[in-house]
Amino acid sequence: MSSSRARFVALGILCSRLAGLVRTKAVGFYFGISPQTDVLSVALRAPNALQNLLGEQVLSASFIPVYSRLLASGRPGDAARFAGAVVSLLVVAASTLALLGVIFAPALLQVFAHGFVDDAAQIAAGAAGAPSTDRFPLAVTATRLVFPMTAVLVLSAWALGVLNSHRRFFLPYVAPVVWNGAFITALALAAGWGGHLLAPEAAAVDARNRWLIAVCAGALVGGALQFAIQLPAVLRLLGGLHLTPRVWRALRVPGVAQALRAFGPAVLGRGVVQLSLYLDLFLASLLRTGALGAVGMAGQLAALPISVFAMSVSASELPELSRLSAAAPRGDDDDAGDDRADAGAPTDDLSTSAALRARVDRALRQAAFVVAPTVVGYLLFGPLLVALLLGGGNFGEADAILVALVLAGYSVGLLASTTARLLQNVFFALGDTRTPARAAAWRVAVGGAIGAAAMVVLDRVSVADLRALVGLDGLEIGSQLFLGALGL
(Lines give C-alpha, C1' and ligand atoms only; values in the text may rest on other atoms or scores of the structure.)
Protein backbone atom coordinates (compact mmCIF):
# COMPACT_ATOMS: atom_id res chain seq x y z
CA MET A 1 0.00 0.00 0.00
CA SER A 2 2.80 2.43 0.89
CA SER A 3 4.57 1.68 -2.41
CA SER A 4 1.33 2.50 -4.22
CA ARG A 5 1.12 5.84 -2.40
CA ALA A 6 4.76 6.54 -3.22
CA ARG A 7 4.01 5.88 -6.89
CA PHE A 8 1.22 8.49 -6.83
CA VAL A 9 3.59 10.99 -5.24
CA ALA A 10 6.34 10.12 -7.73
CA LEU A 11 3.95 10.52 -10.67
CA GLY A 12 2.76 13.91 -9.44
CA ILE A 13 6.29 15.13 -8.75
CA LEU A 14 7.51 13.75 -12.07
CA CYS A 15 4.85 15.73 -13.94
CA SER A 16 5.78 18.82 -11.96
CA ARG A 17 9.50 18.41 -12.55
CA LEU A 18 9.03 17.75 -16.25
CA ALA A 19 7.07 20.99 -16.43
CA GLY A 20 9.92 22.64 -14.53
CA LEU A 21 12.37 21.23 -17.05
CA VAL A 22 10.32 22.74 -19.88
CA ARG A 23 10.39 26.02 -17.95
CA THR A 24 14.19 25.85 -17.66
CA LYS A 25 14.41 25.03 -21.36
CA ALA A 26 12.30 28.11 -22.16
CA VAL A 27 14.51 30.31 -19.97
CA GLY A 28 17.62 28.98 -21.71
CA PHE A 29 16.09 29.39 -25.16
CA TYR A 30 15.05 33.01 -24.68
CA PHE A 31 17.72 34.26 -22.27
CA GLY A 32 20.70 31.89 -22.47
CA ILE A 33 23.28 32.36 -19.71
CA SER A 34 22.92 36.13 -19.45
CA PRO A 35 22.31 39.00 -17.01
CA GLN A 36 18.57 38.37 -17.30
CA THR A 37 19.09 34.74 -16.24
CA ASP A 38 21.01 35.97 -13.21
CA VAL A 39 18.21 38.37 -12.29
CA LEU A 40 15.56 35.70 -12.70
CA SER A 41 17.50 33.36 -10.41
CA VAL A 42 17.70 36.08 -7.77
CA ALA A 43 14.05 37.10 -8.15
CA LEU A 44 12.83 33.53 -7.68
CA ARG A 45 15.23 32.67 -4.88
CA ALA A 46 15.17 35.86 -2.83
CA PRO A 47 11.53 35.49 -1.68
CA ASN A 48 11.82 31.69 -1.79
CA ALA A 49 13.02 31.88 1.82
CA LEU A 50 9.49 32.80 2.90
CA GLN A 51 8.06 29.77 1.13
CA ASN A 52 10.67 27.44 2.60
CA LEU A 53 10.55 28.88 6.10
CA LEU A 54 6.76 28.61 6.34
CA GLY A 55 6.11 26.05 3.62
CA GLU A 56 6.26 22.36 2.88
CA GLN A 57 9.21 21.12 4.91
CA VAL A 58 8.42 23.12 8.03
CA LEU A 59 4.76 22.06 7.83
CA SER A 60 6.00 18.49 7.40
CA ALA A 61 7.74 18.87 10.74
CA SER A 62 4.93 20.58 12.63
CA PHE A 63 1.53 20.37 10.94
CA ILE A 64 1.35 16.90 9.34
CA PRO A 65 2.38 14.86 12.44
CA VAL A 66 -0.17 16.58 14.70
CA TYR A 67 -2.95 16.57 12.11
CA SER A 68 -2.34 12.90 11.24
CA ARG A 69 -2.47 11.89 14.90
CA LEU A 70 -5.74 13.78 15.42
CA LEU A 71 -7.22 11.92 12.47
CA ALA A 72 -5.87 8.57 13.70
CA SER A 73 -7.40 9.18 17.14
CA GLY A 74 -10.86 9.47 15.61
CA ARG A 75 -11.22 13.23 16.16
CA PRO A 76 -11.89 14.67 12.67
CA GLY A 77 -13.63 17.72 14.13
CA ASP A 78 -10.57 18.62 16.20
CA ALA A 79 -8.36 17.98 13.17
CA ALA A 80 -10.43 20.37 11.03
CA ARG A 81 -10.34 23.09 13.69
CA PHE A 82 -6.60 22.60 14.07
CA ALA A 83 -6.10 22.92 10.29
CA GLY A 84 -8.20 26.09 10.23
CA ALA A 85 -6.22 27.64 13.07
CA VAL A 86 -2.92 26.85 11.37
CA VAL A 87 -3.95 28.35 8.02
CA SER A 88 -5.22 31.45 9.86
CA LEU A 89 -1.80 31.93 11.45
CA LEU A 90 -0.08 31.27 8.11
CA VAL A 91 -2.19 33.90 6.34
CA VAL A 92 -1.15 36.53 8.88
CA ALA A 93 2.53 35.56 8.90
CA ALA A 94 2.96 35.06 5.15
CA SER A 95 1.08 38.25 4.21
CA THR A 96 3.09 40.35 6.64
CA LEU A 97 6.43 38.97 5.48
CA ALA A 98 5.46 39.31 1.80
CA LEU A 99 4.52 42.97 2.32
CA LEU A 100 7.82 43.60 4.09
CA GLY A 101 9.63 41.90 1.22
CA VAL A 102 7.99 44.17 -1.34
CA ILE A 103 8.82 47.30 0.67
CA PHE A 104 12.40 46.37 1.51
CA ALA A 105 13.34 44.60 -1.75
CA PRO A 106 16.16 47.10 -2.57
CA ALA A 107 17.73 46.66 0.86
CA LEU A 108 17.45 42.85 0.67
CA LEU A 109 19.09 42.76 -2.74
CA GLN A 110 21.91 45.05 -1.62
CA VAL A 111 22.77 42.36 0.88
CA PHE A 112 22.01 39.09 -0.89
CA ALA A 113 22.84 40.11 -4.46
CA HIS A 114 25.56 42.59 -3.60
CA GLY A 115 27.43 41.92 -6.83
CA PHE A 116 24.60 43.64 -8.75
CA VAL A 117 25.14 46.97 -6.99
CA ASP A 118 28.24 47.88 -9.01
CA ASP A 119 26.79 47.02 -12.43
CA ALA A 120 25.92 50.63 -13.33
CA ALA A 121 29.44 51.85 -12.48
CA GLN A 122 31.05 49.01 -14.45
CA ILE A 123 28.89 49.68 -17.49
CA ALA A 124 29.61 53.43 -17.35
CA ALA A 125 33.34 52.80 -17.08
CA GLY A 126 33.31 50.26 -19.90
CA ALA A 127 35.00 47.73 -17.61
CA ALA A 128 36.02 44.38 -19.06
CA GLY A 129 33.47 41.73 -18.24
CA ALA A 130 30.77 44.30 -17.35
CA PRO A 131 27.22 42.97 -17.82
CA SER A 132 25.21 44.16 -20.82
CA THR A 133 22.48 45.58 -18.57
CA ASP A 134 22.25 46.98 -15.04
CA ARG A 135 20.91 44.02 -13.08
CA PHE A 136 20.10 45.77 -9.79
CA PRO A 137 17.00 47.87 -10.71
CA LEU A 138 15.73 45.00 -12.84
CA ALA A 139 16.12 42.61 -9.89
CA VAL A 140 14.24 45.02 -7.58
CA THR A 141 11.24 45.15 -9.93
CA ALA A 142 11.26 41.40 -10.49
CA THR A 143 11.55 40.60 -6.78
CA ARG A 144 8.66 42.89 -5.88
CA LEU A 145 6.47 41.07 -8.38
CA VAL A 146 7.44 37.63 -7.13
CA PHE A 147 7.25 38.19 -3.37
CA PRO A 148 3.41 38.08 -3.12
CA MET A 149 3.51 34.80 -5.05
CA THR A 150 5.42 33.12 -2.26
CA ALA A 151 2.74 34.00 0.29
CA VAL A 152 0.18 32.15 -1.83
CA LEU A 153 2.53 29.19 -2.24
CA VAL A 154 2.80 28.92 1.56
CA LEU A 155 -0.96 28.36 1.61
CA SER A 156 -0.50 25.82 -1.16
CA ALA A 157 1.96 23.97 1.09
CA TRP A 158 -0.68 23.94 3.85
CA ALA A 159 -3.15 22.41 1.39
CA LEU A 160 -0.53 19.80 0.54
CA GLY A 161 -0.22 18.93 4.23
CA VAL A 162 -3.97 18.40 4.57
CA LEU A 163 -4.21 16.30 1.42
CA ASN A 164 -1.17 14.17 2.30
CA SER A 165 -2.54 13.47 5.76
CA HIS A 166 -5.69 12.11 4.12
CA ARG A 167 -3.51 10.00 1.78
CA ARG A 168 -4.34 12.18 -1.22
CA PHE A 169 -0.96 12.53 -2.87
CA PHE A 170 -1.27 13.10 -6.60
CA LEU A 171 -3.10 16.45 -6.71
CA PRO A 172 -0.83 18.48 -4.41
CA TYR A 173 2.32 17.29 -6.14
CA VAL A 174 1.03 17.78 -9.67
CA ALA A 175 -0.35 21.25 -8.85
CA PRO A 176 2.98 23.05 -9.59
CA VAL A 177 2.45 22.10 -13.24
CA VAL A 178 -0.06 24.97 -13.30
CA TRP A 179 2.55 27.38 -11.92
CA ASN A 180 5.11 26.30 -14.51
CA GLY A 181 2.49 26.58 -17.24
CA ALA A 182 1.67 30.17 -16.30
CA PHE A 183 5.39 31.01 -16.21
CA ILE A 184 6.07 29.49 -19.65
CA THR A 185 2.95 30.99 -21.23
CA ALA A 186 3.81 34.49 -19.99
CA LEU A 187 7.33 34.22 -21.38
CA ALA A 188 6.22 32.85 -24.75
CA LEU A 189 3.52 35.49 -25.20
CA ALA A 190 5.83 38.34 -24.20
CA ALA A 191 8.54 37.13 -26.57
CA GLY A 192 6.15 36.58 -29.46
CA TRP A 193 7.05 32.85 -29.50
CA GLY A 194 10.68 33.62 -30.41
CA GLY A 195 10.24 36.15 -33.19
CA HIS A 196 12.45 38.78 -31.55
CA LEU A 197 15.48 36.55 -31.09
CA LEU A 198 17.09 37.83 -34.29
CA ALA A 199 16.92 41.47 -33.20
CA PRO A 200 20.18 43.44 -32.90
CA GLU A 201 21.94 43.00 -29.56
CA ALA A 202 20.98 46.40 -28.12
CA ALA A 203 17.34 45.85 -29.00
CA ALA A 204 17.54 42.26 -27.73
CA VAL A 205 18.64 43.45 -24.28
CA ASP A 206 15.61 45.73 -23.94
CA ALA A 207 13.33 42.97 -25.22
CA ARG A 208 14.71 40.42 -22.73
CA ASN A 209 14.18 42.86 -19.89
CA ARG A 210 10.51 43.13 -20.86
CA TRP A 211 10.24 39.35 -21.13
CA LEU A 212 11.67 39.04 -17.63
CA ILE A 213 9.03 41.30 -16.11
CA ALA A 214 6.30 39.38 -17.94
CA VAL A 215 7.68 36.11 -16.56
CA CYS A 216 7.50 37.39 -12.98
CA ALA A 217 3.91 38.51 -13.48
CA GLY A 218 3.10 35.06 -14.88
CA ALA A 219 4.71 33.43 -11.85
CA LEU A 220 2.46 35.49 -9.55
CA VAL A 221 -0.66 34.36 -11.42
CA GLY A 222 0.60 30.77 -11.46
CA GLY A 223 1.06 30.75 -7.69
CA ALA A 224 -2.56 31.74 -7.16
CA LEU A 225 -3.73 29.05 -9.60
CA GLN A 226 -1.62 26.38 -7.87
CA PHE A 227 -3.42 27.01 -4.58
CA ALA A 228 -6.83 27.39 -6.22
CA ILE A 229 -6.85 23.93 -7.83
CA GLN A 230 -6.15 22.26 -4.46
CA LEU A 231 -8.64 24.26 -2.43
CA PRO A 232 -11.88 22.44 -3.43
CA ALA A 233 -10.49 19.04 -2.38
CA VAL A 234 -9.22 20.50 0.91
CA LEU A 235 -12.61 22.08 1.67
CA ARG A 236 -14.35 18.75 1.08
CA LEU A 237 -12.01 16.93 3.44
CA LEU A 238 -12.26 19.57 6.19
CA GLY A 239 -15.96 20.19 5.79
CA GLY A 240 -15.26 23.85 5.10
CA LEU A 241 -12.53 26.33 5.97
CA HIS A 242 -12.61 26.72 9.75
CA LEU A 243 -10.70 29.99 9.97
CA THR A 244 -9.93 31.52 13.34
CA PRO A 245 -9.84 35.28 12.63
CA ARG A 246 -8.11 36.30 15.87
CA VAL A 247 -4.54 35.12 16.44
CA TRP A 248 -4.92 34.62 20.19
CA ARG A 249 -7.91 32.36 19.64
CA ALA A 250 -6.04 30.34 17.03
CA LEU A 251 -3.24 29.76 19.53
CA ARG A 252 -5.72 28.17 21.96
CA VAL A 253 -7.04 25.58 19.49
CA PRO A 254 -6.03 22.02 20.57
CA GLY A 255 -2.89 20.89 18.80
CA VAL A 256 -1.64 24.34 17.84
CA ALA A 257 0.68 24.68 20.84
CA GLN A 258 2.20 21.27 20.09
CA ALA A 259 2.68 22.22 16.42
CA LEU A 260 4.31 25.51 17.38
CA ARG A 261 6.76 23.70 19.68
CA ALA A 262 7.92 21.70 16.67
CA PHE A 263 7.57 24.71 14.36
CA GLY A 264 10.22 26.83 16.08
CA PRO A 265 13.13 24.38 15.78
CA ALA A 266 11.96 23.44 12.27
CA VAL A 267 12.06 27.08 11.20
CA LEU A 268 15.52 27.39 12.71
CA GLY A 269 16.60 24.30 10.81
CA ARG A 270 15.14 25.59 7.56
CA GLY A 271 16.59 28.99 8.40
CA VAL A 272 20.04 27.43 8.43
CA VAL A 273 19.36 25.90 5.02
CA GLN A 274 18.08 29.25 3.75
CA LEU A 275 21.22 30.86 5.12
CA SER A 276 23.14 28.41 2.96
CA LEU A 277 21.06 29.31 -0.10
CA TYR A 278 21.47 33.01 0.55
CA LEU A 279 25.17 32.56 1.14
CA ASP A 280 25.35 30.86 -2.26
CA LEU A 281 23.29 33.70 -3.73
CA PHE A 282 25.55 36.35 -2.23
CA LEU A 283 28.74 34.61 -3.34
CA ALA A 284 27.46 33.85 -6.84
CA SER A 285 26.49 37.52 -7.33
CA LEU A 286 30.17 38.37 -6.80
CA LEU A 287 31.23 36.05 -9.63
CA ARG A 288 31.33 36.81 -13.35
CA THR A 289 28.04 37.33 -15.21
CA GLY A 290 26.17 34.08 -15.77
CA ALA A 291 27.19 32.28 -12.58
CA LEU A 292 23.76 32.67 -10.96
CA GLY A 293 22.00 31.45 -14.08
CA ALA A 294 24.26 28.41 -14.39
CA VAL A 295 23.73 27.49 -10.74
CA GLY A 296 19.95 27.82 -11.13
CA MET A 297 19.73 25.69 -14.28
CA ALA A 298 22.04 22.97 -12.98
CA GLY A 299 20.15 22.97 -9.71
CA GLN A 300 16.91 22.23 -11.57
CA LEU A 301 18.45 19.12 -13.13
CA ALA A 302 20.14 18.04 -9.90
CA ALA A 303 16.84 18.32 -8.03
CA LEU A 304 15.08 15.87 -10.34
CA PRO A 305 16.14 12.61 -8.60
CA ILE A 306 15.72 14.10 -5.12
CA SER A 307 12.31 15.49 -5.95
CA VAL A 308 10.91 12.51 -7.80
CA PHE A 309 12.29 9.68 -5.67
CA ALA A 310 13.33 10.97 -2.25
CA MET A 311 10.36 13.33 -1.88
CA SER A 312 7.86 10.77 -3.16
CA VAL A 313 9.00 8.18 -0.63
CA SER A 314 9.39 10.59 2.28
CA ALA A 315 6.10 12.38 1.61
CA SER A 316 4.10 9.16 1.43
CA GLU A 317 5.81 7.75 4.54
CA LEU A 318 5.56 10.79 6.82
CA PRO A 319 1.85 10.44 7.74
CA GLU A 320 2.32 6.70 8.36
CA LEU A 321 5.46 7.25 10.44
CA SER A 322 3.59 9.91 12.44
CA ARG A 323 0.77 7.48 13.19
CA LEU A 324 3.24 4.77 14.20
CA SER A 325 5.34 7.13 16.30
CA ALA A 326 2.29 7.98 18.40
CA ALA A 327 2.44 4.40 19.70
CA ALA A 328 6.22 4.07 19.76
CA PRO A 329 8.03 3.89 23.14
CA ARG A 330 9.63 7.07 24.42
CA GLY A 331 11.70 8.01 27.44
CA ASP A 332 10.99 5.79 30.43
CA ASP A 333 8.66 3.71 28.31
CA ASP A 334 11.71 2.45 26.42
CA ASP A 335 13.12 0.95 29.60
CA ALA A 336 9.80 -0.57 30.46
CA GLY A 337 9.56 -2.09 27.01
CA ASP A 338 13.07 -3.54 27.34
CA ASP A 339 12.17 -5.04 30.72
CA ARG A 340 9.10 -6.68 29.24
CA ALA A 341 11.13 -7.98 26.33
CA ASP A 342 13.77 -9.39 28.70
CA ALA A 343 11.01 -11.17 30.55
CA GLY A 344 10.10 -12.93 27.31
CA ALA A 345 6.78 -11.16 26.80
CA PRO A 346 6.17 -9.57 23.39
CA THR A 347 4.94 -6.00 23.59
CA ASP A 348 3.01 -3.74 21.25
CA ASP A 349 5.65 -1.05 21.83
CA LEU A 350 8.43 -3.26 20.52
CA SER A 351 6.44 -4.34 17.48
CA THR A 352 5.67 -0.68 16.75
CA SER A 353 9.36 0.22 16.95
CA ALA A 354 10.20 -2.67 14.65
CA ALA A 355 7.58 -1.45 12.18
CA LEU A 356 9.10 2.04 12.27
CA ARG A 357 12.58 0.69 11.59
CA ALA A 358 11.32 -1.52 8.77
CA ARG A 359 9.56 1.39 7.05
CA VAL A 360 12.64 3.59 7.30
CA ASP A 361 14.93 0.85 5.99
CA ARG A 362 12.64 0.14 3.04
CA ALA A 363 12.34 3.84 2.18
CA LEU A 364 16.12 4.32 2.17
CA ARG A 365 16.62 1.31 -0.10
CA GLN A 366 13.94 2.46 -2.54
CA ALA A 367 15.42 5.93 -2.93
CA ALA A 368 19.06 4.80 -3.17
CA PHE A 369 18.18 2.16 -5.77
CA VAL A 370 17.24 4.88 -8.26
CA VAL A 371 19.36 7.85 -7.19
CA ALA A 372 22.74 6.07 -7.27
CA PRO A 373 22.53 5.23 -11.01
CA THR A 374 21.31 8.78 -11.66
CA VAL A 375 24.49 10.16 -10.07
CA VAL A 376 26.63 7.98 -12.33
CA GLY A 377 24.61 9.06 -15.36
CA TYR A 378 24.99 12.76 -14.55
CA LEU A 379 28.75 12.42 -14.08
CA LEU A 380 29.30 10.44 -17.28
CA PHE A 381 26.74 11.97 -19.63
CA GLY A 382 26.06 15.41 -18.12
CA PRO A 383 27.27 17.47 -21.13
CA LEU A 384 25.21 15.43 -23.57
CA LEU A 385 22.15 15.58 -21.31
CA VAL A 386 22.35 19.35 -20.84
CA ALA A 387 22.83 19.93 -24.58
CA LEU A 388 19.84 17.74 -25.43
CA LEU A 389 17.51 19.17 -22.79
CA LEU A 390 18.43 22.84 -22.81
CA GLY A 391 20.24 23.50 -26.10
CA GLY A 392 18.79 25.83 -28.73
CA GLY A 393 18.00 29.49 -29.18
CA ASN A 394 20.28 31.66 -27.07
CA PHE A 395 21.58 28.66 -25.11
CA GLY A 396 24.84 27.80 -26.88
CA GLU A 397 27.72 25.36 -26.56
CA ALA A 398 29.60 27.32 -23.91
CA ASP A 399 26.40 27.64 -21.84
CA ALA A 400 25.92 23.87 -22.01
CA ILE A 401 29.50 23.19 -20.91
CA LEU A 402 29.24 25.48 -17.89
CA VAL A 403 25.85 24.11 -16.76
CA ALA A 404 27.08 20.50 -17.22
CA LEU A 405 30.11 21.18 -15.03
CA VAL A 406 28.00 22.71 -12.28
CA LEU A 407 25.63 19.72 -12.55
CA ALA A 408 28.60 17.40 -12.04
CA GLY A 409 29.50 19.32 -8.90
CA TYR A 410 25.95 18.92 -7.57
CA SER A 411 25.91 15.22 -8.45
CA VAL A 412 28.64 14.36 -5.97
CA GLY A 413 26.27 15.09 -3.09
CA LEU A 414 22.99 13.78 -4.51
CA LEU A 415 22.94 10.45 -2.70
CA ALA A 416 23.73 12.12 0.62
CA SER A 417 21.05 14.76 0.03
CA THR A 418 18.48 12.10 -0.77
CA THR A 419 19.25 10.11 2.39
CA ALA A 420 19.20 13.28 4.48
CA ARG A 421 15.76 14.23 3.18
CA LEU A 422 14.36 10.85 4.18
CA LEU A 423 15.97 10.77 7.62
CA GLN A 424 14.85 14.33 8.28
CA ASN A 425 11.22 13.26 7.92
CA VAL A 426 11.85 10.34 10.30
CA PHE A 427 13.00 12.80 12.96
CA PHE A 428 9.98 15.01 12.20
CA ALA A 429 7.62 12.06 12.68
CA LEU A 430 9.27 11.27 16.02
CA GLY A 431 8.86 14.88 17.14
CA ASP A 432 12.59 15.70 16.96
CA THR A 433 13.19 18.85 14.90
CA ARG A 434 16.48 19.80 16.57
CA THR A 435 18.70 17.05 15.15
CA PRO A 436 18.04 18.00 11.49
CA ALA A 437 18.71 21.64 12.42
CA ARG A 438 22.11 20.77 13.89
CA ALA A 439 23.00 18.71 10.81
CA ALA A 440 22.01 21.60 8.55
CA ALA A 441 24.22 24.00 10.53
CA TRP A 442 27.25 21.76 10.04
CA ARG A 443 26.47 21.47 6.35
CA VAL A 444 26.35 25.25 5.91
CA ALA A 445 29.60 25.79 7.79
CA VAL A 446 31.60 23.16 5.93
CA GLY A 447 30.02 23.68 2.50
CA GLY A 448 30.26 27.46 2.67
CA ALA A 449 33.96 27.43 3.54
CA ILE A 450 34.89 24.98 0.80
CA GLY A 451 32.67 26.61 -1.83
CA ALA A 452 33.93 30.15 -1.18
CA ALA A 453 37.56 29.06 -1.53
CA ALA A 454 36.95 26.98 -4.65
CA MET A 455 34.93 29.65 -6.47
CA VAL A 456 37.71 32.24 -6.13
CA VAL A 457 40.19 29.91 -7.80
CA LEU A 458 37.89 28.69 -10.58
CA ASP A 459 36.45 32.10 -11.44
CA ARG A 460 39.79 32.85 -13.08
CA VAL A 461 39.28 30.03 -15.59
CA SER A 462 36.96 30.52 -18.57
CA VAL A 463 35.17 27.86 -20.56
CA ALA A 464 37.52 28.73 -23.44
CA ASP A 465 40.54 28.06 -21.21
CA LEU A 466 39.08 24.70 -20.29
CA ARG A 467 38.54 23.81 -23.94
CA ALA A 468 42.15 24.71 -24.68
CA LEU A 469 43.31 22.59 -21.74
CA VAL A 470 41.66 19.49 -23.17
CA GLY A 471 42.92 20.23 -26.70
CA LEU A 472 39.74 21.57 -28.33
CA ASP A 473 39.84 24.43 -30.82
CA GLY A 474 37.48 27.37 -31.03
CA LEU A 475 38.99 29.31 -28.13
CA GLU A 476 36.52 32.16 -28.64
CA ILE A 477 33.71 29.85 -27.51
CA GLY A 478 33.08 30.49 -23.85
CA SER A 479 35.51 33.37 -23.41
CA GLN A 480 32.85 35.33 -21.48
CA LEU A 481 31.81 32.47 -19.17
CA PHE A 482 33.92 31.43 -16.17
CA LEU A 483 33.92 28.41 -13.87
CA GLY A 484 33.38 30.11 -10.52
CA ALA A 485 29.89 28.58 -10.34
CA LEU A 486 31.44 25.11 -10.41
CA GLY A 487 33.57 25.90 -7.37
CA LEU A 488 30.58 27.31 -5.50
Side-chain angles (χ1 to χ4, degrees), residues 11-31 36-37 39-52 54-56 94-95 98 101-102 105 138-139 141-160 163 170-197 207-234 293 296-297 299-301 303-304 307-308 389-390 393-395:
L11 180 59
I13 294 176
L14 179 61
C15 293
S16 174
R17 290 300 173 179
L18 289 177
L21 191 59
V22 175
R23 184 191 81 229
T24 304
K25 168 74 172 180
V27 170
F29 183 86
Y30 288 110
F31 296 119
Q36 289 79 16
T37 317
V39 170
L40 185 58
S41 296
V42 169
L44 293 177
R45 183 175 294 186
N48 196 47
L50 173 59
Q51 183 184 348
N52 283 320
L54 301 179
E56 179 186 344
S95 300
V102 171
L138 193 60
T141 302
T143 300
R144 282 176 163 163
L145 277 172
V146 172
F147 241 112
M149 173 203 75
T150 60
V152 182
L153 291 181
V154 168
L155 302 181
S156 182
W158 166 82
L160 179 147
L163 293 170
F170 180 73
L171 176 61
Y173 285 104
V174 80
V177 171
V178 178
W179 181 85
N180 284 295
F183 183 106
I184 296 165
T185 301
L187 177 56
L189 290 175
W193 305 97
H196 298 290
L197 288 173
R208 291 173 192 168
N209 290 345
R210 292 195 299 272
W211 302 345
L212 178 68
I213 300 305
V215 160
C216 294
L220 175 58
V221 173
L225 292 175
Q226 179 177 329
F227 176 58
I229 65 170
Q230 298 178 78
L231 190 57
V234 171
M297 289 184 173
Q300 283 285 332
L301 294 175
L304 276 172
S307 300
V308 175
L389 294 178
L390 304 181
N394 284 317
F395 192 88

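Model, not experiment: these values are computed from the prediction.
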* Output all residues satisfying side-chain contact (heavy atoms from CB on, under 4.5 Å) with Ala233, sequence neighbours left out; order by chain, then residue number. => Leu163, Leu171, Arg236
* **Residues in side-chain contact (heavy atoms from CB on, under 4.5 Å) contact with Val177, at least two apart in sequence or another chain** => Cys15, Ser16, Ala19, Val174
* Asked: Quick one: does Tyr30's side chain get under 4.5 Å of Gln36's, heavy atoms only?
  -> no
* Asked: Is the shortest heavy-atom distance from the side chain of Leu390 to the side chain of Thr24 under 4.5 Å?
  -> yes
* To do: Identify the two heavy atoms, one from Gly293 and one from Ser41, that lie closest to each other, and give their separation to 0.1 Å.
  => CA-OG, 3.8 Å
* CG of Asn180 to OG1 of Thr185: how many Å apart, nearest 0.5 Å? -> 10.5 Å
* Over all heavy atoms of both residues, which pair between Val152 and Ala224 is shortest? Give the atoms and the distance, please. => CG1-CA, 3.6 Å
* **Taking every non-hydrogen atom, the tightest pair across Arg144 and Ala105** => CG-CB, 3.8 Å
* Distance-minimising heavy-atom pair for Ala217 and Leu145 -> N-CD1, 4.2 Å
* To do: Begin with the C-alpha distance, continue with both residues' side-chain angles, and end with the deciding distance and a verdict on side-chain contact (heavy atoms from CB on, under 4.5 Å) for Phe31 and Val39.
  => CA-CA 11 Å; Phe31 296 119; Val39 170; over 6 Å; no
* Does the side chain of Val27 reach to within under 4.5 Å of the side chain of Met297, using non-hydrogen atoms? -> yes
* To the nearest 0.5 Å, tell me how far Thr150 OG1 sits from Leu220 CG. => 9.5 Å
* To do: Please identify each residue that fulfils side chain to side chain donor-acceptor pair (under 3.5 Å) with Gln230, with sequence neighbours left out.
  => Ser156
* To do: Please examine the side chains of Thr37 and Phe395, heavy atoms only from C-beta on, and report whether any two atoms are closer than 4.5 Å.
  => no
* **Heavy-atom check, side chain of Val215 versus side chain of Phe183, under 4.5 Å** => yes
* Looking only at heavy atoms, which two atoms of Pro176 and Pro172 are closest? And how far apart? -> CD-O, 3.6 Å
* **CG-CZ distance between Leu187 and Arg208, expressed to the nearest 0.5 angstrom** => 11.5 Å
* Asked: Closest approach of Gly222 and Ala182, non-hydrogen atoms and distance?
  -> CA-CB, 3.5 Å
* Is a donor on one side and an acceptor on the other found under 3.5 Å between the side chain of Trp179 and the backbone of Leu225? -> no
* Asked: Do the rings of Phe227 and Trp158 sit parallel, tilted or perpendicular, given the 30° and 60° boundaries?
  -> tilted
* Can you find a pair of side-chain heavy atoms, one from Leu301 and one from Leu21, that are under 4.5 Å apart? -> yes
